[in-house]
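Heads up, the thing below is written out as C-alpha cells.
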Amino acid sequence: MTEPVVDIRGISVEFPGVKALQEVDFRLFPGEVHALMGENGAGKSTLIKALTGVHRPVAGEVLLGGERVAFAGPAQAQDAGISTVYQEVALCANLTVAENILLGREPRRFGAINGRAMRARAAELLARIGLRVDPRSTLASHPIAIRQLVAIARAVAIDARVLVLDEPTSSLDADEVAELFRIVRVLRDEGVAVLFVSHFLDQVYEIADRMTVLRNGRVVGEWTTAELGRLELVQAMLGRELGVLDELEHRPDKGRAGEPLLVAEQLGRKGAIAPFDLTIRRGEVVGLAGLLGSGRTELARLLYGADKADTGRVLVDGEPLKLRGPRAAIEAGIAFSSEDRKGEGLVADLSVRDNLILAMQAARGWARPVPRKQADELVAKYLKMLDIRPADPDALAGNLSGGNQQKLLLARWLVTRPRLLVLDEPTRGIDVGAKAQIQKLVAELAADGMAVLFISAELEEVVRVSDRVVVLRDRRVVAELSGVDLGVDDVVELIAATPGAEPEKVAS
Amino acid sequence: MTALTARAPSRFLPVIATFVVFVATFGVGSLRYEGFATGQVVANLFIDNAFLIVLAVGMTFVILTGGIDLSVGSVVALSTMIAAAALRAGWPAWLVVPAVLATGSALGLLMGVVIHRFQVQPFIVTLAGMFLARGLCFVISVESVSIKDPTFRALATGTLELPGGVTITHTVVIALVAVAVAAYVLHLTRFGRTVYAVGGSESSARLMGLRTGRVKVGVYVISGFCSALAGLLFSLYMLSGYGLHAVGMELDAIAAVVVGGSLLSGGVGFVVGSVAGVLVLGTIQTLISFQGTLSSWWTKIVIGVLLLAFIVLQRLIVRRS
C-alpha cells in the first residue's frame with residue numbers, strides 16, 4: 001500500500017472545559033475518498049480544523065507527505081496543498097466566477113491583474129472539472145449548487161493534494177449531488193486525496209472508499225466501506241450508552257392518548273423535508289428520530305410555521321390552520337423550543353424573571369402588562385417546579401448553566417400553557433441530572449393532557465419518553481413505530497436501512 | 001434604457017442610472033437657462049467639487065468593504081488648518097504637503113487599526129475620529145488663518161487652458177489623477193479585488209486565505225490620505241485654514257458615493273460612479289444658482305429625494321437578482 005498523504009497521530013484538541021478530540025489517529029491516502037462520520041459534537045469539524053490549522057492541537061502530530069506540519073491558519077494549509085470546501089459556500093457572490101476561482105492567485109502582468117489570462121485560466125479549471133459556466137458571469141447569478149462546484153474549482157486551482165469537503169451536499173438536490181460526485185471521482189482518479197464529511201449515509205456508501213467513525217472526540221474505528229454495513233456504522237456512530245438513565249421507568253400510562261390535536265396532511269417543503277402525514281394526539285409524546293440532517297428540525301419548523309410549507313396543510317382540532325408564521329402557531333397553542341437556545345431562545349442579558357414572562361407578555365400584547373405580583377408568583381412556581389438553580393429571579397439568564405437555561409426556556413413556554421409543545425433537542429449538551437429532570441417533566445406534562453413533539457439525537461432518550469416514534473431518513477418520514485415494546489434496535493435498523501423501502505407502519 | 005440594460009450586466013445598472021440622471025439634470029438646465037450648456041459650466045463642476053471628488057474616492061474604498069468613514073469632513077478641516085498654520089510659521093510648501101498627507105494617513109491608520117483589532121463598528125470609531133480631528137483644529141487656532149504663501153497662491157489661481165477656451169484649475173487635474181489611480185488599484189490589483197471580496201463576504205474572504213486584515217486597515221488609510229489631499233485642495237479653493245471648514249462634508253461624500261451606485265453594505269460600486277454622484281450633486285447646485293431665486297437649501301431637498309430614489313432603485317435591483 002502507498003504511503004498516506006495525511007497522517008494524523010494521536011492528536012488532542014481542548015477548548016475551555018471540553019476535550020474536543022482525544023488521541024485521534026487518522027490516515028488519508030492519495031486517490032481515495034475517505035468519509036469522516038459521527039454525530040453532532042463527535043469532533044468531525046474539530047478534526048478538520050486541526051488539519052487546516054484553525055485549531056492548535058495540545059498533543060500529537062500532523063504529518064503531510066511524511067513531514068511534520070503545524071499550520072498557523074487556512075492560508076498556510078492551502079499553500080501546502082490542503083483545500084477545504086465548506087458547507088456554506090465560502091465565496092463572494094458579488095464577484096465574477098473567474099475572480100472567485102483565482103482570488104489571491106490572479107495571473108499578473110507588470111503588477112496589474114491580467115483579466116484575459118485570468119478568465120482563460122478559470123475556463124481551463126472549469127473545463128477540468130467539466131463545469132460549463134461563463135467565467136465572466138457574476139457568482140450571484142448562479143444557484144447554490146453551481147457555486148458549490150465553483151468552490152471546488154477554486155480548491156483544485158491550487159493543485160491540491162488533499163481536498164476536504166465539509167458537508168458539501170447539504171443544500172444540493174439529487175442531480176446536483178450526482179454532478180458533484182462525478183467531479184469528486186475525476187479528482188480522485190487524478191490522485192487527489194478527498195476527505196468527505198456528510199450526514200447522508202447513502203451518499204457516503206456511494207462515494208467513499210474508506211471511513212473513520214468518531215464519537216465523543218474519540219476514534220471508534222477505521223473501516224473500508226465494503227467492510228462496514230449500514231447497521232454497524234449507525235451503531236458505531238450512536239454508541240450504546242445503556243444504563244445511564246435507566247432508573248427512569250417507562251410511564252405507566254404510556255400508549256393512552258386522547259383526541260387528535262394536530263394533523264399534518266402531506267406537509268412538505270422542497271429541499272427541507274418530503275411531504276409527510278403526522279397525527280399528534282392530546283396527552284401524547286411523539287418522538288422524532290433520525291440522524292443529523294435527516295429533517296428532524298425541518299419537520300418541526302414546518303409545524304410551527306417558522307418555515308413555509310410548499311405542499312399540504314395542517315389541521316388543529318379538525319379545523320385547517322393557516323400557518324402564516326410563528327404568531328399563528330402560538331395563537332393556535334403550539335410552542336416551539338428551539339435547539340439553538342442561545343441564538344433563538346433566551347435573551348442572555350435579561351433576568352430570569354424577564355425571560356420567563358417574555359412569551360406570556362407577547363401573547364397578551366403590549367397594552368396589558370403582566371402584573372408584578374402575578375409575575376412573581378409564576379416565576380416562583382416554575383423555578384420550584386423545574387428546580388432551576390440559582391432560584392434567583394433577578395439572575396441574568398446568560399449566567400445560568402446550559403441545563404438551567406434549557407429548563408428556563410421550557411418554563412417560558414409552559415407559562416403560556418401551550419397545547420402542543422415542540423421540543424427540539426431539549427437535552428443537548430446538558431448534564432445527566434438535568435436530562436432526567438426534563439424527561440420526567442415531559443412525562444408529567446403529557447399526563448396532564450399536553451401533546452409533546454420530542455426531538456433528540458439520542459435514540460435511547462426518544463424511545464424512553466415517547467409513546468410513538470416517527471423515524472426520519474434523508475429528509476423523509478420512513479416509518480412510525482408505537483407500542484410498549486418499542487425498542488432502540490428497531491429504530492436503529494430503520495435509520496440504517498437501505499433506501500427504496502416503502503414507509504411502513506409497525507403496529508403494537 | 002431597455003436596450004442598455006439588456007446588454008449591460010445588472011451590476012453596472014446603478015452607475016448607468018447615475019449618468020442618466022446627470023445627463024437629464026444637465027439637459028433640464030441647458031433647456032431652461034441660456035449659457036448653461038457650455039464647456040465652462042461643466043469645467044466649473046469639476047473646479048468647484050475637486051475636493052469632494054477626492055473625498056468620494058476615499059469614501060468609495062471604505063464603503064466597498066462595508067465600512068463607513070465619518071471623520072473625512074473633520075480631517076479636511078484639520079488639513080486646511082495644519083497647512084495654513086504651517087505656512088504661516090514659515091514652512092516651505094514642499095514640506096507642508098507631505099506633512100498634511102502623512103497626518104491624514106496616520107489618523108486613518110489609527111482608526112483602521114482600532115476597527116480591525118478591537119472589532120469595533122467603523123461608525124463609532126470614525127465618529128470619535130471626527131470629533132478628535134475637529135477638536136484638534138481649534139487647538140491650532142480658533143480663528144480663520146489665511147494662506148499667503150506664494151506657491152499655494154500661484155497653484156490656486158493658476159489655470160490651464162483646454163481646447164475650446166475652457167479653463168480648469170490644477171486641482172481638477174489632481175482630482176482626476178486620484179480617480180484614475182483609485183480605479184487602477186480597485187480593478188487591477190490584488191488589494192483592490194480583496195476590497196471587493198471583503199465587502200462581498202468578509203468571512204469567505206478570510207477562508208479563501210486573502211489578507212482581509214491588511215485591506216480593512218488599508219481602506220481607512222486610503223480614506224485618511226484622500227481626506228488630507230481633499231483638505232489641501234480645499235485650502236487652495238478657500239486660501240485659508242479654519243476649524244469650521246467642511247462641516248458636514250462627510251455626509252456629502254457619503255451621499256455622492258451612494259448616488260453613484262455603491263451599496264452601503266459593501267461589495268458593489270465603482271469609483272467612476274462616485275465621480276458621477278459628485279457631478280449630479282454639483283449640477284443641482286449649479287441649477288439652483290442659475291435660478292437665482294431659490295434658496296440653496298433646495299439643494300439639500302433635491303439631494304435627499306435623489307438619495308432615497310437611489311436606495312430604492314438598488315433594493316429593487318438586489319431583490320430581482
Side-chain angles (χ1 to χ4, degrees), chain A residues 48-49 52-54 71-80 82-96 98-118 134 136-143 147 150-151 154-155 157-158 160 164 166, chain B residues 5-15 60 63-66 180-216 261-270 273 314 317-321:
Chain A
I48 289 175
K49 286 178 178 166
T52 55
V54 179
F71 301 121
Q76 271 191 24
Q78 274 183 23
D79 292 341
I82 300 179
S83 275
T84 311
V85 175
Y86 300 88
Q87 177 181 11
E88 305 298 330
V89 182
L91 297 175
C92 296
N94 58 324
L95 300 177
T96 66
E99 281 185 314
N100 270 298
I101 293 173
L102 291 165
L103 212 57
R105 306 186 270 275
E106 303 94 338
R108 288 187 288 190
R109 202 173 50 181
F110 311 125
I113 292 169
N114 185 339
R116 186 172 303 169
M118 181 166 79
D134 182 1
R136 280 173 305 181
S137 55
T138 321
L139 191 70
S141 62
H142 298 292
R147 296 186 204 182
V150 170
R154 176 178 176 83
I158 64 164
V164 180
D166 191 359
Chain B
T5 51
R7 263 180 283 128
S10 66
R11 63 198 148 119
F12 296 129
L13 258 187
V15 179
T60 309
I63 285 180
L64 277 175
T65 64
V181 171
Y184 176 86
V185 169
L186 275 179
H187 294 283
L188 292 172
T189 66
R190 284 190 184 165
F191 179 91
R193 297 326 287 169
T194 309
V195 168
Y196 279 90
V198 167
S201 165
E202 193 185 337
S203 60
S204 292
R206 200 179 315 116
L207 287 173
M208 283 194 222
L210 303 176
R211 300 179 175 204
T212 54
R214 229 173 55 164
V215 162
K216 277 186 72 186
S262 296
L263 275 188
L264 274 181
S265 50
V268 178
F270 300 95
Q314 287 175 347
I317 292 171
V318 167
R319 194 171 298 165
R320 210 181 45 184
S321 60

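By convention in this document, chain letters (A, B, ...) are assigned in the order of the sequence lines, proteins followed by strands, and residues within each chain are numbered from 1. The figures that follow rest on heavy atoms only: side chains count, while hydrogens, waters and symmetry mates do not.
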Point to revise | Atom CZ of A/Arg105 with >12 non-hydrogen neighbours under 6.0 angstrom | key: yes

Taking B/Gly200, B/Gly199, B/Gly192 one by one, which has the highest count of heavy-atom pairs under 4.5 Å against chain A?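 Highest number of pairs under 4.5 Å: B/Gly200.
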
Any ion pair linking A/Glu106 and B/Arg190 (charged N to carboxylate O, less than 4.0 Å)? yes

- prompt: Sequence neighbours excluded, which residues qualify as side-chain contact (heavy atoms from CB on, under 4.5 Å) partners of A/Asp79?
  reply: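 For A/Asp79 there are no side-chain contact (heavy atoms from CB on, under 4.5 Å) partners, ignoring immediate neighbours.
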
Which bit of [X] is near chain B, if near means a heavy-atom gap under 4.5 Å: side chain, backbone, both or neither?
{"X": "A/Leu91", "result": "both"}
{"X": "A/Asn100", "result": "both"}
{"X": "A/Arg108", "result": "side chain"}

So, the part of B/Leu207 with a heavy atom under 4.5 Å from chain A: the answer is both

A/Leu102 and A/Met118 have their tightest heavy-atom pair at CD1-O, 3.4 Å

Exercise for review: Report yes if the side chains of B/Phe270 and B/His187 come closer than 4.5 Å at any heavy-atom pair, otherwise no.
Suggested key: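 Yes, side chains in contact.
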
